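Input: a single structure, listed below in C-alpha cells.
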Amino acid sequence: MRKIGLLGGMSWESSALYYAVINEGVKDRLGGLHSARCVLGSVDFAEVEEMQSTGDWEAAGALLAAEAVALERAGAELLVLCTNTMHKVADAIERAVGIPLIHLADVTAQAVLAAGLGTVALLGTRFTMEEAFYRDRLAGHGLQVLVPGTDDRSTVDRVIYEELVLGEVRDASRDAFRRIIDELASRGAEGVILGCTEIELLVGPADSALPTFPTTRLHAEAAVREALGPLA
C-alpha cells in the first residue's frame with residue numbers, strides 16, 4: 001500500500017471527510033482491520049483565506065508547496081490536495097515535489113464522462129466558478145461547463161465561506177442550492193459538480209434533480225485506487 005499525503009485544512013471539516021472516505025475505501029478493498037497508510041498536513045485556513053481574499057496566490061502557492069514538501073519528506077508517495085479552490089496553485093505544488101499529485105478536476109471529469117454526460121453545472125467558490133483554472137481543466141476533457149448567474153454565484157460563495165466552512169448546515173441554504181440546480185438544469189445541465197469540498201455537507205443526491213458528482217468522495221476514492229493499485 002502506498003502512503004497517501006493529504007494536504008488539508010481548507011477546511012478541516014472537508015478534510016475529515018477525506019480521511020473517513022479513504023479509510024473506509026481501504027477497509028472495503030482489503031477487509032479485516034486494514035486502514036490507510038497516510039500522513040496529513042493541515043494548514044490554518046484563516047491564513048489561506050486571507051491570501052485568497054487579497055489575491056496573493058503566489059504566497060498561497062508557496063505555502064502549500066512547502067506543506068507538500070513536508071508531506072513528501074514524511075514518506076508520502078502520492079499527494080491529494082483536499083480542496084477544489086486551491087487547485088489554482090496546483091502547478092506550484094507539483095513543481096515542488098517528486099511525487100504525483102492526483103488532480104481533483106481530472107478525477108471529476110473522468111467520472112462525468114464515465115456517466116455518459118457532456119454538459120455539467122459547476123458549483124463552488126467564486127474562484128472555482130469564475131476563473132479559468134478549474135473550468136478549463138474540465139473543458140480540456142471535452143466537457144461543456146455551466147455556472148450560475150451572478151447573484152446565484154454570490155449565494156453559493158457566501159454559503160460556503162459563511163456557513164459550511166464553519167460547520168453550519170442550514171435548511172434555507174439547502175433550498176437555495178436546490179433552486180440554483182434546477183435553474184442550471186433548465187439551461188441544459190445534465191449533471192452537477194459539487195465543486196467545493198464542503199458542499200457535500202449540505203447537498204446530496206436527494207437534493208438534486210440532476211446526477212451529482214461529489215468531488216470530495218470522488219477524489220478520496222481515486223486516492224484509494226492509486227494507493228492500492230488495480231489488482232487490490
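Source: prediction; values computed, not measured.
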Are [Y] and [X] connected into the same hydrophobic cluster when the rule is that any two of I, L, V, M, F, W, Y join if their side-chain heavy atoms are below 4.5 Å apart?
X    : Y    : answer
I180 : V120 : yes
V224 : V21  : no
L17  : F177 : no
I93  : F127 : yes

Is there side-chain contact between [X] and [Y], with at least one heavy-atom pair below 4.5 Å?
X    : Y    : result
K88  : W57  : yes
V192 : P211 : no
T119 : L143 : no
R37  : I4   : no
I102 : H219 : yes
I181 : V203 : yes
T150 : R153 : yes
L113 : Q110 : no

Going by atom types only, do [X] and [Y] share a side-chain donor-acceptor pair under 3.5 Å?
X    : Y    : value
T85  : T128 : yes
E49  : S53  : yes
T215 : N84  : yes

Measuring from [X]:[atom1] to [Y]:[atom2], what's the distance to the nearest 0.5 Å?
X    : Y    : atom1 : atom2 : result
C38  : L6   : SG    : CG    : 5.0 Å
R29  : E24  : CZ    : CD    : 14.5 Å
E13  : T197 : CD    : OG1   : 9.5 Å
I193 : M129 : CD1   : CE    : 12.5 Å
S11  : L164 : OG    : CG    : 8.5 Å
R137 : T108 : CZ    : OG1   : 11.0 Å

Looking only at heavy atoms, which two atoms of [X] and [Y] are closest? And how far apart?
X    : Y    : value
P100 : R2   : CG-NH2, 3.9 Å
G204 : T212 : O-CG2, 4.3 Å
I22  : A36  : CG2-CB, 3.6 Å
L184 : P148 : CD2-N, 3.8 Å
S15  : G8   : OG-CA, 3.4 Å
G9   : S42  : CA-OG, 3.4 Å

Q.
Before you tell me yes or no, could you show the steps for E190 and L210 under side chain to side chain contact (heavy atoms under 4.5 Å, CB included), namely the whole-Å CA-CA distance, both residues' side-chain angles and the distance that decides it to 0.1 Å?
A. CA-CA 6 Å; E190 301 167 314; L210 299 174; 5.7 Å; no
Q: Would you sort out whether E130 and R135 count as a salt bridge (Lys or Arg N to Asp or Glu O under 4.0 Å), showing the intermediate values?
A: CA-CA 8 Å; E130 295 178 359; R135 291 185 289 105; over 6 Å; no
Please identify which of these residues, [options], meets the side chain to side chain contact (heavy atoms under 4.5 Å, CB included) condition with [X].
X    : options           : result
V39  : R73, E77, E72, K3 : K3
M86  : L104, T125, V48   : V48
F213 : V112, V107, L194  : V112

Q) So R179 and D182, salt bridge (Lys or Arg N to Asp or Glu O under 4.0 Å) or not? Walk me through it. A) CA-CA 5 Å; R179 177 190 57 76; D182 287 344; over 6 Å; no
Q.
If the threshold is 4.0 Å, N to carboxylate O, is there a salt bridge linking R158 and E163?
A. yes
Q: Tell me, with the steps shown, if E200 and R217 meet salt bridge (Lys or Arg N to Asp or Glu O under 4.0 Å).
A: CA-CA 9 Å; E200 289 159 68; R217 184 165 292 276; 5.1 Å; no
Q: Kindly state whether the ring of Y18 and the ring of W12 have centres lying under 6.0 angstrom apart.
A: no
Q: Decide yes or no on side chain to side chain contact (heavy atoms under 4.5 Å, CB included) for L202 and V169, but give the supporting numbers first.
A: CA-CA 6 Å; L202 179 71; V169 178; 3.7 Å; yes
Q: Evaluate side chain to side chain contact (heavy atoms under 4.5 Å, CB included) for F45 paired with T83, printing each intermediate quantity in order.
A: CA-CA 11 Å; F45 188 40; T83 160; over 6 Å; no
Q: Please test S173 against D175 for side chain to side chain contact (heavy atoms under 4.5 Å, CB included), starting from the C-alpha separation and ending with a verdict.
A: CA-CA 5 Å; S173 296; D175 290 341; over 6 Å; no
Q: Assess whether atom CZ of F133 is packed by more than 12 heavy atoms of other residues, nucleotides or ligands within 6.0 Å.
A: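 Enclosed: over 12 neighbouring heavy atoms sit under 6.0 Å from CZ of F133.
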**Q.** For Y161, all residues meeting side-chain hydrogen bond (donor to acceptor under 3.5 Å, both in side chains), sequence neighbours excluded
**A.**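 Per chain and number, Y161 pairs via side-chain hydrogen bond (donor to acceptor under 3.5 Å, both in side chains) with Q52.
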